[in-house]
Structures are given as C-alpha cells and as structure tokens.
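A short write-up of the structure that comes next.
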Protein chains: 2
Amino acid sequence: MNEASPRRRRGGGRSGNIRRSGAAIDQVDWHIPQISDKPTEPLTEEGVETVHNAAMRILEEIGIDFLHEGARQRLKEAGADVTDGEERVRMDRDMVLELVAKAPAEFTLTPRNPGRQVTVGGNHQLYVNVSSPPSCSDLDRGRRPGDRQSFQELIKLSQYFNCIHMVGGYPVEPVDIHPSIRHLDCIHDKLLLTDKVIHTYSLGVERVEDTMEMIRIGGGLTHEEFEATPRMYTNINSTSPLKHDWPMLDGAMRLAERGQMVTVTPFTLSGAMAPVTLAGAIAQQTAEALAALALLQHVKPGCPVVMGSFTSNVDMKSGAPAFGTPEYMRATQMSGQMARRYNLPLRSSNACAANAPDSQAAWESAFSLWACVSSRTNIVYHSAGWLEGGLCASYEKFVMDCETLQQMARYMQPVSVTEDDLAVDAIAEVDAMPEAQRHFLGAQHTMERYETAFYKPFLSNWDNYQSWENAGAQQTPERANKIWKQILAEFEAPAMDPAIAEELSAFVERRKAEGGAPTDF
Amino acid sequence: MNEASPRRRRGGGRSGNIRRSGAAIDQVDWHIPQISDKPTEPLTEEGVETVHNAAMRILEEIGIDFLHEGARQRLKEAGADVTDGEERVRMDRDMVLELVAKAPAEFTLTPRNPGRQVTVGGNHQLYVNVSSPPSCSDLDRGRRPGDRQSFQELIKLSQYFNCIHMVGGYPVEPVDIHPSIRHLDCIHDKLLLTDKVIHTYSLGVERVEDTMEMIRIGGGLTHEEFEATPRMYTNINSTSPLKHDWPMLDGAMRLAERGQMVTVTPFTLSGAMAPVTLAGAIAQQTAEALAALALLQHVKPGCPVVMGSFTSNVDMKSGAPAFGTPEYMRATQMSGQMARRYNLPLRSSNACAANAPDSQAAWESAFSLWACVSSRTNIVYHSAGWLEGGLCASYEKFVMDCETLQQMARYMQPVSVTEDDLAVDAIAEVDAMPEAQRHFLGAQHTMERYETAFYKPFLSNWDNYQSWENAGAQQTPERANKIWKQILAEFEAPAMDPAIAEELSAFVERRKAEGGAPTDF
C-alpha cells in the first residue's frame, strides 16, 4: 500500500488537467454550456400555482407509499402523517415546502479529476451518456445483450467526447458479470476508464456503500474529504403511481447522509402510470418527486438534490412509451417551470422510441433535446446513445447524438453585436471590389474570423451530392460507425496514481471474496 | 364558354368546403397552427436597435443596386438618392421607415377554394412545400432531373397533406417542358391539382402576367375581384451583396400593383454573400429586404408583403451552404426580432444540407423547424421535401417532414390546466384500486380522453424491437415510401367548375400558340 497521505495523492497528481483526447475527430473543447435564452413556459404563473396546488393536494389528501420503515420514521419525526405498520405517508404543504426550501439551487460535483468538476443548477446544462439498456447494437456486430466489453467500449466513448460531462449508470447492462459482483467490476472499470463524475445505482446497501467507497479511494480522499463536497450521484425512480420502493429510498438516504447528489425522477408516463392529461401527469410527478426530496432534506438539510422529469405519453394503441413527442416537449417544459417554482435543478432526458439510428430516431432525439434546452434542464440524462425507448444503446446513435450535443452547446453561445460584428465597414469594402470579387469569402473581416466563426461538424456531411456519391454515398450511421471505431482504437485511459489503482484493485478483490452483494431483493 | 357570371362560379360551387382526403393515412385536419409561446430572442432590445442602425447605415451610406429603371424612378420620386444612369440607390432611414410602416402586419391569402384561405402574420405559422430543386428522388426511381410527372406527383402530395397550407414554386423543375411554356403547363397543373394558395416566379413579364390571369380565371373572378384581396404570391431574392435584379423587381412590382403578396428574401449566406458574423449578415439581410419593401410600399401603399430570411452559414472549407446549424437557428431568431421591429410578417425555411433522407437530414430539418417555431416565423418555405441544400426534392423526405410538421402544429396547442385536467380525483380513484389495476390505462378519466389526448403519428414506428424486426425492420424512408405511393394511388383532384376548367385550358392553348414567354433573359 502506498504511504502517501490521501491529500498528497488527490487527483492522482493531475489535478485540474484535462488531457487532450485522441485525434479521431476534431471535437469541441471541454466546457459546460450555459443557456442564455429565457425558457419556454407553456404554463402561466397561475397555471404553475394550479399544478402546485394539485401536487400539494395529492401529498396531503392521497399520500405516497414509502416502502422503507426508516424513511417513514424520519418522515414521521419531520411531522408527516404516518400510521405505524402502514406504508402510506401524507404530508402537509407547509412541511414539504419548508424542507424542500433547504435544498441548494446550485452546487458542484467533483470527480477524481478536479478539472472535470461540473456545476449543477442555474443556467448550466450537463450531458450524461445513455444508462441502463439491457441491449446494445452497432452496424458491425448487430444487436446483442450487453456484456463487459460493450460496457467498457461505451464508457470509453463517454470519456472521449468532451460534450459528455458526466457518466451515468451502466451504458449497457453487462450480463456476463454475475449480479452479485457486477457493481464492483463496473465501478472499477468506470474509475479506470473515465475521470468524469460517475453514478451509483440505488440497488441495495452493498452496491451503494461499495460504490461510495470506491469513488473515495479513486479520488485519493479521506472519508471527511469525500463528504465535504458532492463527488458522485444516484438517481431514484418512484414506482408510479404514488410509491417509493425500499432500495431506491435506502440508497438515496445513504448518499444524502454523506452529502452526495440524489436525483428523484418519477416514472409518470401519461396515460399509463399517470393521468392521460399533461397537467395531471405533471401534478403527480411533482408530488412524487417532492415527497422523496422532502425526506432527503430532513435526513440531511441542504444536501444536493435534483428534481427529475421523465413524463412522456404512451402509444394509446399499445401502451408503449413514446419520446420526443409534442407531449414530451410540453411535459419537460412544464417540469422546468415546476422545478424553478421550488428553486431546484431539473433533470430530463434525450430520449427516442425508434428502433434504428435512422431519421425517426434523429427527429425524436432532436425534439427531446430541444425540450431540454427550452425547459432549461440542468442535467440531460441519456444524452448520447439511447434507442428503443431505452432498451438498446447504439454506438452509431452515440456518435450522432454527440454531433447534436455539440451543436446545442454552440447554439447556447450568446450572439455578439459589437461594431466589428455588424461589419458595416466590411460590407462597404466588399462593395468597392470589382464585381467578380464582390463576396466575403476572401474579405479581411472573414479571414480574421473564419476559423471559429461557425460550428464545425465532425459527422455531418456537407459535400455536394456528386462528391458524396463518389465517396461511397455513406449515410449518417455508416459515417458514425467509422468514427467510434477510430475513437476506440486510439483510446487512452486517463492517468491514475499507481498506488490508488492498487488500492482500488485490492478493495474489489476483497469485496469479491466476501461475495459482493446479495441478489435476492 | 360558360355563360355564368364570375360571381356565381366563384369557388367552383364548393366555396368553403374542404374535401376529406383519401384514407392513405390518418392525418390531422386542415387548420392553421398558431404559436402560443413567446419567441426566443437572442438579441436584447438594444441589440435589435444596434442591428437596425447598421442596416440603416448600409441603406444611407452604401446603398443598394436596383437593376430596374422603373424601380429607380419610383424610388427617386419617393425621395431616394438616385443618380440618372447609375444603379446604386441610397435612401435615408426616415423615408424607409415611413414607407415600410404602411405594410400590413397581418392579411389573408384566398385561393380558388375559399376554405383554404390562410392568414399571414401575427402568431400564425403556415407551411409551404419544397420549391425549385432541379432534381428529385425516391427510393424506387432514384435521383433524376425533374420532369412533369414528378412535378405533378409532388403537387399532389402538397394538396393531400393538410399540414401543407400553401403551395410554393415548382416542387421540382420539370425540365421536359420547354422553358417558354413551362409556366403555362405548370400553373395549369397546379390549378387543377390543388385548391390551395399558389405562387408565381418573378421571372419576366409574361410569366407573371400569365400566372395572375390564370389564378384569376381559376378562381372565377373578375379583375376587380382578383385585386380586391390577396390571392397569390411571389418571392424575390436579392443578389447579395446589395443588389436587386430586374426580373425580381419587375415581378414584385406587378404583383404589388394588383395587391398580391410579395416576399423579399435576401440571399445572405454568412461568410459568402454576407459578413461572416451573424450580426453583420442580419444587418445586410435587413437592409436588402427593407430596400425592396420600401419600393413596394411606395408602388402600392399597404400592399401585403413579407420579410424573408434565408441567412445561414457556409462550410468554410468548401463555401457550400449549411442549414439547420446553430448559426441558422440564431440567424432565423434574429430575423424574427427584426421583422417584429418593423411590424412585418416573417418567412424562413425548413432547410437541410444532407444528401439522403437519413438521420442528418432529420436533425438538420428538426433544428430548422425549431428555428421557425422559436422565431415565430409566419411562413415556412420548403417545409416538406427539401434535401441537398435545395438541389433535390425527396418524396420520402416529404412524408417525413409532414410527420414533423404535424407534430409542431400539435405542440403549438396550449396546455390546459382545468380541474379536470389536473385529475386529482382520477389519481385518488386509481389509488383506491387493487394493486394489479393501479394504473391509468383503464381509468374512466383516460377512457374519456384517450382518442385525442396525444398526437398520433402516421409514420413514426413505436413498436418494440421484436415486432418491428418481425415486420421487416423497415427504416423510416422505407415506411415513407409506401405512404407516398398509396397517397398518389388514391389521389383525387379537387373539384373545378367545368366552365372554369375550359376557360383555363383555352387560355393556356392561346398563350402557347403565341409562343409563351421569351427565354433569353
């Protein structure tokens, strides 16, 4: 074991550094986009209060099931209406609002490389890769159940792209690793392959505690340092309608107690687990989210939390979820209004229902992404790679999505209107040229700016048809396929102090020897 | 020749009626979407004034070339600085603003079927099919130069889809018709195949006059009735930088004189025909548009006009135009701010640069369309079918675009938050059910609303992967291909009074015998 103190080892000696990724593509630099536009608000101010009142009535009159005795005890001591032996908890609005008001509107998350610190809240928009599909697909190997190799490859893509700011859950479920030790191998892989903020699933005591410990070790931190500031996160979903399950609540409370971030995302698909009306679905989403957020603020006042939105509609013919729909856009924007009502950061998703990385996938994702931008979403889950309503992670879609994420980040840069930008002198100069040269391509004003004036795509093809056809008439997924293969071929893992790497391995080995986590819940 | 008076014949006896289209797809009903959201505004109020001042300086200090002596005479009499024998015209801001203030902020366009009347301006958003590509393509016949059959087919699609509100220029150039008589056959085809508002190219006296006459005959109108209200439109482009050509000015003035709508759209691609800075490109676009709009308001005060925006960026490697880019979105939104500054309706486009109806085409078009919605564009040219930066009309893309146009129209419907929408009682009712039935799929509240609660797609596939694969794993263009073929197979032309049809044919025959239009300009 290394003798260096945790403080000296912090960040593996690379604090604040972001290594330039390989040259596979000319991508944008690491930065956190900030939304300068006013959000789009489908509800009037009164409309927001109306939805708020409905959410309060749900909490006061109907109540929420908390399938966790410890959680119910904490809520009871906070003043909620809890009957011993019953799961249903009712809480009045004063209690809920007072607790939720303790949550910070903005905070940071600091991973093992402090240069990858991100700010959650305000105008910041963070992108997280796809999480949790059971399957993955690419043009070469087709669609298949997830395995560890695919898991690692998708983590490498998440590390490579600077437009991915945080790493989510498993980008595909590696079913070739036994569930009892899967979290150990996966978090180990993540800590070795990425230096960005990572996530833990709230799926049982051992998984949550092991992950927190591994992130602490990976950051070279003492327990006090780990808890001093948020360094990781979890996401919990309610089992809508009106229920919070044991593993989710347990994990959320464990993270909250140690000052780590928790997102609460109700699974309120309109027409299935929530009312068929958007107003009703958002009222229910708000109630379910606030119920758990109030709990967490009682457990640890001021702990970093995020309100999650996953409300979309279902196909009324089949009950299947739909994404990127008009209803999804409006629900996400309404969620933004509700989150701002409570001064909470918002999480939503870049989702689609398409079965292939084709045009439907692209427009559904583009509409979802627009919903995220126009709602002023702070954390966009499933930003890259999501297909089939979340049942498949597509390598080609991952690359396509990163192209659109980069465009959104560029879009957010404010437009400048200085005297130089207005270019009246440049227009006069071009106007004075002989007719054949009367264009701006060669103007001084252009020459001084053309390198950075416009967003430069790495995947979009802007050739004319003849050139495109002569080069093989490659459609977008084929071009994306070449890119991810080159990225993986050139991938270099971020540096890690050998002593930390050794400590991590030892921890994983020990916990495996102990049997990992039980798999019977 | 029919003896009936034009008045009796108006509308071919079907005034105000919109025949239900064939059952190829379950599409939305004919309606004009209205944008309820506040527009997205990248410029501050001061920023708008700064761009305005730059545009005024361009008009006052640099000036615009008007390659039309009649236009220059009219401008001179309006107070502009015009030197005999020189094309350059300078005008001061007072003159420009005074003239432009005469333009109506809102007006209607009434085609031969008054039931297809549309309102231009305000919150209304109108969709126009693709116009003017030299080539077209579909999955069966591949990419080919335009011909009359393809022209007719694309007009039929434009008539069929209720989300297409106006018909643009030629959806593909039918090069198998001689240019001298092409306008006669094309306008004849259009008047027979669609009852929506149609367009004339400003490409010479004969084409413009013939089209106006044919639209008058097609509507069963006297000359006075034709001029009493706007019934058709043209679009003119400046030859940027800073030039308005003869045919465009001539056509625009002819339409203005008869009270028909003119859109003025500068061709200000940033980095090529306009400054590489968006602020400069929009200042130049504004100056070029206002110069021609001031002329038209002097020619016919109060005539219906539209400010056009086509500002996008070019690929700085090749000079090729790019569309649906971050710069395109911002330029379109800035154009919306400038149009509102002058109280003018705005035209922009649903454009893309992709060479195939694939994912790139879809995200570029989705971003363009979002630019149109967020800028509060009133008329969206090239809404359906555009590919390759406008060089190709794709049948499959046409169908794909109509799916997204329908979604945008649905998105614009306000969100309702009545007590019934909030559904607190429905949530309590579902909550009281036994656990297995604790969902909203079968709830009374859902049953009463499920038919209309959500947008129903006709092209998007929401099946699960297995069902989709078992049904042939069809990607979006393949599904779109089946749809347009069914639409064309079932197409029924809108009714036309036989007397009007006869009069139209006779006019076309006579004008063909006279040689049509000269082809030497």
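To find a chain, count down the sequence lines: A is the first, B the second, and so on, and within it residues start at 1. The structure presented is a predicted model; accordingly, all values stated were derived computationally and were not measured.
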(request) Would you tell me whether A:T476 and B:D358 have side-chain atoms, one donor and one acceptor, within less than 3.5 Å of each other? (result)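 The criterion, which ignores hydrogens and geometry beyond distance, is satisfied for B:D358 and A:T476.
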
In terms of heavy-atom pairs under 4.5 Å, which option from [options] contacts chain A the most?
{"options": "B:G280, B:A279, B:P275, B:A366", "value": "B:P275"}
{"options": "B:A274, B:A361, B:P357", "value": "B:A274"}
{"options": "B:A54, B:S359, B:P42, B:A423", "value": "B:S359"}

Is it the side chain or the backbone of [X] that comes within 4.5 Å of chain A heavy atoms, both, or neither?
{"X": "B:L43", "value": "side chain"}
{"X": "B:S36", "value": "side chain"}
{"X": "B:E478", "value": "neither"}
{"X": "B:I427", "value": "both"}
{"X": "B:N464", "value": "backbone"}
{"X": "B:E388", "value": "side chain"}
{"X": "B:A426", "value": "neither"}
{"X": "B:V424", "value": "both"}
{"X": "B:D425", "value": "side chain"}
{"X": "B:M334", "value": "side chain"}
{"X": "B:T325", "value": "both"}
{"X": "B:S240", "value": "neither"}
{"X": "B:A272", "value": "both"}
{"X": "B:E327", "value": "side chain"}

(request) Specify whether B:W370 and A:W370 have parallel, tilted or perpendicular ring planes, treating 30° as the upper limit for parallel and 60° as the lower limit for perpendicular. (result) parallel

Go through the atoms of [X] and report whether side chain, backbone, both or neither lie under 4.5 Å from a heavy atom of chain B.
{"X": "A:S416", "answer": "backbone"}
{"X": "A:E364", "answer": "side chain"}
{"X": "A:A428", "answer": "both"}
{"X": "A:E46", "answer": "neither"}
{"X": "A:E429", "answer": "neither"}

(request) Verify, without hydrogens or angle tests, whether B:Q360 (side chain) and A:N461 (backbone) share a donor-acceptor contact under 3.5 angstrom. (result)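 Checking the backbone N and O of A:N461 against the side chain of B:Q360, a donor-acceptor pair under 3.5 Å is found.
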
(message) Checking side chain to side chain contact (heavy atoms under 4.5 Å, CB included) between B:L422 and each of A:V51, A:I282, A:N53, A:I58, which is the one that passes?
(response)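 That would be A:V51.
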
(message) According to salt bridge (charged side-chain N to carboxylate O under 4.0 Å, His left out), who are the partners of B:E60, at least two apart in sequence or on a separate chain?
(response)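 B:E60: salt bridge (charged side-chain N to carboxylate O under 4.0 Å, His left out) contacts with B:R93.
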
(message) Going by salt bridge (charged side-chain N to carboxylate O under 4.0 Å, His left out), name the residues that satisfy it together with B:E396, two or more places apart in sequence or in a different chain.
(response) none

Could [X] and [Y] be called an ion pair, given the rule that one side-chain N must be under 4.0 Å from one carboxylate O?
{"X": "A:E41", "Y": "B:K38", "answer": "no"}
{"X": "B:R143", "Y": "A:E469", "answer": "no"}
{"X": "B:D431", "Y": "A:K243", "answer": "no"}
{"X": "A:R57", "Y": "B:E419", "answer": "yes"}

(message) Return the CH2 to CZ distance between B:W462 and A:F323, rounded to the nearest 0.5 Å.
(response) 10.5 Å

(message) Which heavy atom of A:F454 sits nearest to which heavy atom of B:V314, and what is that distance?
(response)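 In this case the closest contact between A:F454 and B:V314 is CD1-O, 3.4 Å.
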
(request) Can you see which heavy atom on A:W363 is nearest to which on B:S460, and at what distance? (result)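 Between these two residues, the closest heavy atoms are CZ2-OG, 3.4 Å.
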
(message) Working note: A:K317 + B:D463, criterion salt bridge (charged side-chain N to carboxylate O under 4.0 Å, His left out); need CA distance, chi angles, decisive distance, verdict.
(response) CA-CA 10 Å; A:K317 283 182 301 194; B:D463 290 344; over 6 Å; no

(message) Using side-chain heavy atoms (C-beta onward) and a distance below 4.5 Å, is B:M447 in contact with A:V276?
(response)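 The answer is no, as the side chains (C-beta and beyond) never meet within the 4.5 Å cut-off.
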
